[in-house]
Amino acid sequence: MLDEINVKNQPILNKVLNKINNSKNSVQAYILYCNSKKLLDLYTNLFSKVLICPNKYKENCNDCNICARIDDNTFNELKIINPVNNVIKKESVIELRNAFQTNSIEGKNEVYIINDAECLNASAANAILKFLEEPDSNTVAIFTTTNLDMVLPTIASRCQVIKLNNDSIDKGIDFVVKQTNLTEEEIYAALDFIRLAENNYSLAFSKAKEEFLNQFQTKDKLSSALYVMLLFYKDILNYKLKNSCLYFEKNDLISIANRSSINLITKKISFILENIYKLEYNVNILLFMDNLLIGIGEIQDD
């Protein structure tokens with residue numbers, strides 16, 4: 001059924017799609033993620049057909065014209081939101097909710113796809129959360145992302161997460177460079193600062209903070225530096241859970257890992273992710289950094 005685009009190479013997705021195809025039941029929201037936009041577009045298109053087609057979906061379905069209209073992006077019960085200038089705004093979500101006021105007429109489900117879910121700004125994320133919390137019985141959401149770390153946990157926790165297999169490099173310093181557009185020198189400068197904050201909080205707050213801001217002066221640069229910090233803490237978590245690191249060398253983080261609990265590191269990951277989103281609206285960078293450092297310093301184990 002699904003073999004023509006190598007769904008057998010996607011065991012998690014294949015299991016989900018066949019379950020939906022055979023039972024016509026689905027959950028209300030999914031996240032598809034991998035490092036390849038091409039794969040995401042391909043399998044999201046297939047996923048939408050399985051969710052919508054009133055017949056038992058098969059490749060090159062000839063029983064209805066819905067699948068062809070999905071391919072042509074002319075099927076009214078499928079809505080797709082893409083970011084504009086790397087941002088998805090609240091207005092797009094409101095338009096989506098207004099479009100889905102009535103039940104589906106032609107398909108099994110009404111489906112909306114939000115591509116690059118990490119680009120939802122704070123107000124858009126809050127609006128989509130209300131949609132997820134009060135869904136219609138036949139409305140299904142598909143979020144896509146190449147960067148699951150950057151998707152708000154409040155959204156990810158409400159979705160069934162499906163990882164697609166691909167051959168892209170998804171670890172090591174090369175991955176960090178690609179994701180942040182920072183140089184290796186800038187990446188290690190961000191790492192040096194967060195290690196200093198962990199080891200000598202007073203010095204980081206009083207002196208190194210200004211040096212750090214001199215290097216990361218724009219919001220884009222600072223956001224990328226915070227993302228490096230996010231990956232740093234995720235690597236600490238990887239080390240504690242699996243004794244391995246995905247992005248950085250063990251020696252860069254082992255001392256912090258040894259004195260930090262999983263609970264503490266998880267809280268810091270959530271805190272930094274929240275602040276990456278807050279940075280979009282914060283115009284006073286110095287005050288933002290003060291609040292960031294104070295917040296990290298105040299995080300404690302339960």
Side-chain angles (χ1 to χ4, degrees), residues 118 122 147-150 152-153 171-302:
E118 71 278 7
N147 199 338
L148 187 62
D149 294 332
M150 293 291 287
L152 281 172
K171 59 183 179 179
I173 194 67
D174 290 339
F175 172 78
V176 182
V177 169
K178 181 179 178 181
Q179 290 294 310
T180 62
N181 290 320
L182 297 177
T183 65
E184 287 193 27
E185 181 181 359
E186 289 171 327
I187 289 168
Y188 286 115
L191 289 178
D192 288 343
F193 178 75
I194 198 61
R195 281 198 297 264
L196 180 62
E198 286 282 346
N199 296 314
N200 192 332
Y201 177 81
S202 297
L203 182 59
F205 193 91
S206 63
K207 183 179 178 181
K209 175 185 62 180
E210 294 182 6
E211 297 175 0
F212 176 80
L213 287 176
N214 284 335
Q215 184 156 15
F216 301 99
Q217 294 180 349
T218 67
K219 282 188 178 182
D220 286 344
K221 284 278 190 179
L222 183 55
S223 179
S224 293
L226 293 184
Y227 182 59
V228 172
M229 297 177 190
L230 181 71
L231 294 181
F232 177 73
Y233 282 116
K234 285 182 69 69
D235 245 6
I236 293 176
L237 192 61
N238 286 326
Y239 175 76
K240 292 188 73 68
L241 293 173
K242 303 177 182 178
N243 196 32
S244 64
C245 298
L246 292 176
Y247 312 111
F248 308 112
E249 297 294 329
K250 288 183 182 179
N251 290 339
D252 290 337
L253 51 84
I254 191 169
S255 63
I256 300 171
N258 287 339
R259 65 173 184 265
S260 302
S261 69
I262 291 174
N263 178 58
L264 186 65
I265 296 303
T266 301
K267 285 183 176 181
K268 291 182 178 181
I269 289 172
S270 296
F271 180 75
I272 290 178
L273 185 55
E274 290 170 6
N275 275 272
I276 290 173
Y277 285 98
K278 287 180 182 178
L279 181 60
E280 178 183 345
Y281 301 97
N282 200 301
V283 295
N284 189 322
I285 300 298
L286 186 59
L287 180 60
F288 172 84
M289 281 301 299
D290 284 346
N291 291 333
L292 177 74
L293 287 171
I294 291 170
I296 288 177
E298 291 178 343
I299 295 174
Q300 301 292 329
D301 271 327
D302 294 331

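Keep in mind that this is a model prediction, so the values were computed, not measured.
Residues that satisfy the side chain to side chain donor-acceptor pair (under 3.5 Å) test with Tyr239, not counting sequence neighbours, are absent from this structure. Shown here are the side chain to side chain donor-acceptor pair (under 3.5 Å) partners of Asp301, two or more places apart in sequence or in another chain: Ser261, Asn263. Residues passing the salt bridge (charged side-chain N to carboxylate O under 4.0 Å, His left out) test with Glu118: none are found, sequence neighbours excluded. Qualifying salt bridge (charged side-chain N to carboxylate O under 4.0 Å, His left out) partners for Asp192, counting only residues two or more places apart in sequence or in other chains: Arg195. By the side-chain contact (heavy atoms from CB on, under 4.5 Å) test, Ser244 pairs with Lys242, sequence neighbours left out. Here Ser270 pairs with nothing under the side-chain contact (heavy atoms from CB on, under 4.5 Å) rule; sequence neighbours left out. The side-chain contact (heavy atoms from CB on, under 4.5 Å) check on Thr180 picks up Val176, Leu182, Ile187, Ser224, Tyr227, Val228, with sequence neighbours excluded. Considering only residues two or more places apart in sequence or on other chains, Ser202 meets the side-chain contact (heavy atoms from CB on, under 4.5 Å) condition with Asn200.
The CD1 atom of Ile256 sits 11.0 Å away from the CG atom of Leu264 when rounded to the nearest 0.5 Å. Considering CD of Glu184 and CG of Leu191, their distance stands at 11.0 Å, rounded to 0.5 Å. Atoms CG and OG1, on Leu213 and Thr218 in that order, are 11.0 Å from each other to the nearest 0.5 Å. In this structure, the separation between CD1 on Ile299 and CD1 on Ile294 is 12.5 Å, given to the nearest 0.5 Å. Asn258 contributes atom CG, which lies 9.5 Å from atom CG of Leu253 (distance to the nearest 0.5 angstrom). With rounding to the nearest 0.5 Å, the separation of CG in Asn275 from CE in Met229 is 10.5 Å.
Residue pairs meeting the salt bridge (Lys or Arg N to Asp or Glu O under 4.0 Å) criterion with at least one member in residues 244-255, sequence neighbours excluded, do not occur. Sorted by first and then second residue, the pairs that involve residues 226-240 and meet salt bridge (Lys or Arg N to Asp or Glu O under 4.0 Å), not counting sequence neighbours, are Asp149-Lys234. Sorted by first then second residue, the salt bridge (Lys or Arg N to Asp or Glu O under 4.0 Å) pairs that include residues 196-216, not counting sequence neighbours, are Glu198-Lys268, Lys209-Asp290. Pairs engaging residues 190-224 under the ring-ring contact (aromatic ring centres under 6.0 Å, His included) rule: Phe193-Phe212, Phe212-Phe216 [sequence neighbours left out].
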Stepwise side-chain contact (heavy atoms from CB on, under 4.5 Å) test for Phe232 and Ile272: CA-CA 11 Å; Phe232 177 73; Ile272 290 178; over 6 Å; no
Evaluation steps, side-chain contact (heavy atoms from CB on, under 4.5 Å), between Phe248 and Ile173: CA-CA 7 Å; Phe248 308 112; Ile173 194 67; 4.1 Å; yes
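Taking the side chain as every heavy atom from C-beta outward, Phe175 and Leu246 never approach each other to under 4.5 Å. The shortest side-chain heavy-atom distance between Leu292 and Lys278 does not fall under the 4.5 Å cut-off.
Residues Ser223 and Leu279 approach most closely at N-CD2, 3.5 Å, considering heavy atoms. Contact detail for Leu230 and Ile269: the closest heavy-atom pair is CD1-O, 3.5 Å. Summarising the geometry of Gln215 relative to Glu186, their closest heavy-atom pair is NE2-CG, 3.8 Å, with the distance given to 0.1 Å. When all heavy atoms of Leu293 and Ala204 are compared, the pair lying nearest together is CD1-O, 4.1 Å.
No more than 12 heavy atoms of other residues, nucleotides or ligands lie within 6.0 Å of CD in Glu185, so this atom counts as exposed by the packing criterion.
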